[in-house]
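Both counts, for ligands and for their atoms, begin at 1 and track the order of listing. We count residues from 1, following the sequence as given.
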Amino acid sequence: MSYSEKDCIFCKIIKGEIPCYKVYEDKDFIAFLDINPVNMGHTLVVPRKHFETVLDIEKWRFGEIMKLTKKLSQRIINATKADGFELCINNKKAAGQLVPHLHIHIMPRFKNDGLKFNWPTKKFSQAEMQKIANKIKNSL
Ligand code: 5GP
Ligand code: ZN
């Protein structure tokens with residue numbers, strides 16, 4: 001077990017060493033309420049096995065967690081009567097990942113809930129846009 005796993009807060013929740021408001025569990029995944037919810041029902045869907053980011057988890061397991069996220073999103077909408085919801089995965093510190101154990105946020109949204117998730121945008125030249133599009137298209 002790596003050092004980061006030993007100290008991982010979500011691994012501790014999975015092992016039952018730290019309490020949580022559990023909303024779902026099976027042999028591969030667990031879902032619980034975020035301790036600092038942006039809205040009522042804000043849920044984290046987490047693989048039991050420790051992976052840091054989307055790039056680390058196996059394809060099949062990522063497929064399964066996305067299917068589960070779809071199912072739980074519907075349940076959360078039903079329970080909270082939310083008007084919409086956002087799914088979010090932060091990968092690595094630079095992208096705002098605070099807990100280095102992969103998790104998907106399901107965030108219920110309500111009309112006029114005052115949350116603003118629209119980041120300021122940047123302008124790039126046509127040449128720069130074409131260059132990065134080609135680079136992504138041609139990368140393996
Ligand atoms: P990240 O920024 O890594 O995508 O989000 C981590 C999330 O985990 C945060 O929204 C934070 O509130 C939540 N969190 C951190 N520690 C705990 C905890 O001990 N229990 C629960 N339920 N959520 C936590
Ligand atoms: Zn972990």
Could you list which atoms of ligand 1 come closer than 4.0 Å to a heavy atom of [X]?
X   : value
L44 : 8 (O)
I9  : 19 (O)
N90 : 1 (P), 2 (O), 4 (O)
Q97 : 2 (O), 3 (O)
G96 : 1 (P), 2 (O)
L98 : 1 (P), 2 (O), 3 (O)

Practice task
Could you tell me the angle subtended at the Zn ion (ligand 2) by ND1 of H50 and ND1 of H101, rounded to 10°?
Solution key: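 Seen from the Zn ion (ligand 2), ND1 and ND1 are separated by roughly 100°.
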Handout entry: C8 atom SG and C11 atom SG as seen from the Zn ion (ligand 2), angle to 10 degrees
Key =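 Once rounded, the angle between the two atoms at the Zn ion (ligand 2) is 120°.
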Tell me whether [X] has any N or O atom under 3.5 angstrom from an N or O of ligand 1.
X   : result
I18 : no
L33 : yes
F10 : no

Practice task
To the nearest 0.5 angstrom, please state how far the CD1 atom of I106 sits from the NE2 atom of H42.
Solution key: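 It is 9.0 Å, given to the nearest 0.5 Å.
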Non-hydrogen atoms of [X] versus ligand 1: any pair closer than 4.0 Å?
X    : answer
H103 : yes
H105 : yes
I13  : yes

Exercise for the section: Could you tell me whether the side chain of T43 reaches within less than 4.5 Å of the side chain of D34, counting heavy atoms only? Expected result: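 D34 does not reach T43 side chain to side chain.
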Practice task
Step through the shown structure and confirm whether more than 12 heavy atoms of other residues, nucleotides or ligands are within 6.0 Å of OH on Y24.
Solution key: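 Buried by this count: over 12 neighbours within 6.0 Å.
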Problem - N112 atom CG, neighbour heavy-atom count above 12 within 6.0 Å - result: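 Counting other residues, nucleotides and ligands, CG of N112 stays at 12 neighbours or fewer.
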Exercise for the section: Would you confirm whether the ring centroid of F85 sits within less than 6.0 angstrom of the ring centroid of F110? Expected result: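 No, ring centres 6.0 Å or more apart.
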Exercise for the section: May I ask you to check whether H103 and H101 place their ring centers less than 6.0 Å from one another? Expected result: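 When the ring centroids of H103 and H101 are compared, they turn out to be at least 6.0 Å apart.
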Give a yes or no answer on whether the side chain of [X] reaches the backbone of [Y] with a donor-acceptor pair at less than 3.5 Å.
X    : Y    : result
E17  : K12  : no
D56  : T53  : yes
R109 : L115 : yes

Exercise for the section: Can you pull out the closest protein heavy atom to atom 9 (C) of ligand 1? Residue, atom name and distance to 0.1 Å, please. Expected result: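 Among all protein heavy atoms, the one nearest atom 9 (C) of ligand 1 is D34 OD2, 3.3 Å.
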Problem - Carboxylate-amine/guanidinium proximity below 4.0 Å for E64 and R61 - result: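 Salt bridge absent between E64 and R61.
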Exercise for the section: Ignoring hydrogens, just give me the one of I104, I35, T43 whose non-hydrogen atom is nearest atom 16 (N) of ligand 1. Expected result: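 Among I104, I35, T43, the closest heavy atom to atom 16 (N) of ligand 1 comes from I35.
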Problem - Winner among V99, N91, L102 once heavy atoms are compared against atom 15 (C) of ligand 1 - result: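 That would be V99.
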Exercise for the section: With side-chain contact (heavy atoms from CB on, under 4.5 Å) as the test, would you mind laying out the steps for F32 and L44 before giving the verdict? Expected result: CA-CA 6 Å; F32 49 84; L44 303 174; 3.9 Å; yes
Problem - Under-4.0 Å heavy-atom contact with ligand 1, by part of Y21 that carries it - result: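 It is neither; nothing of Y21 touches ligand 1.
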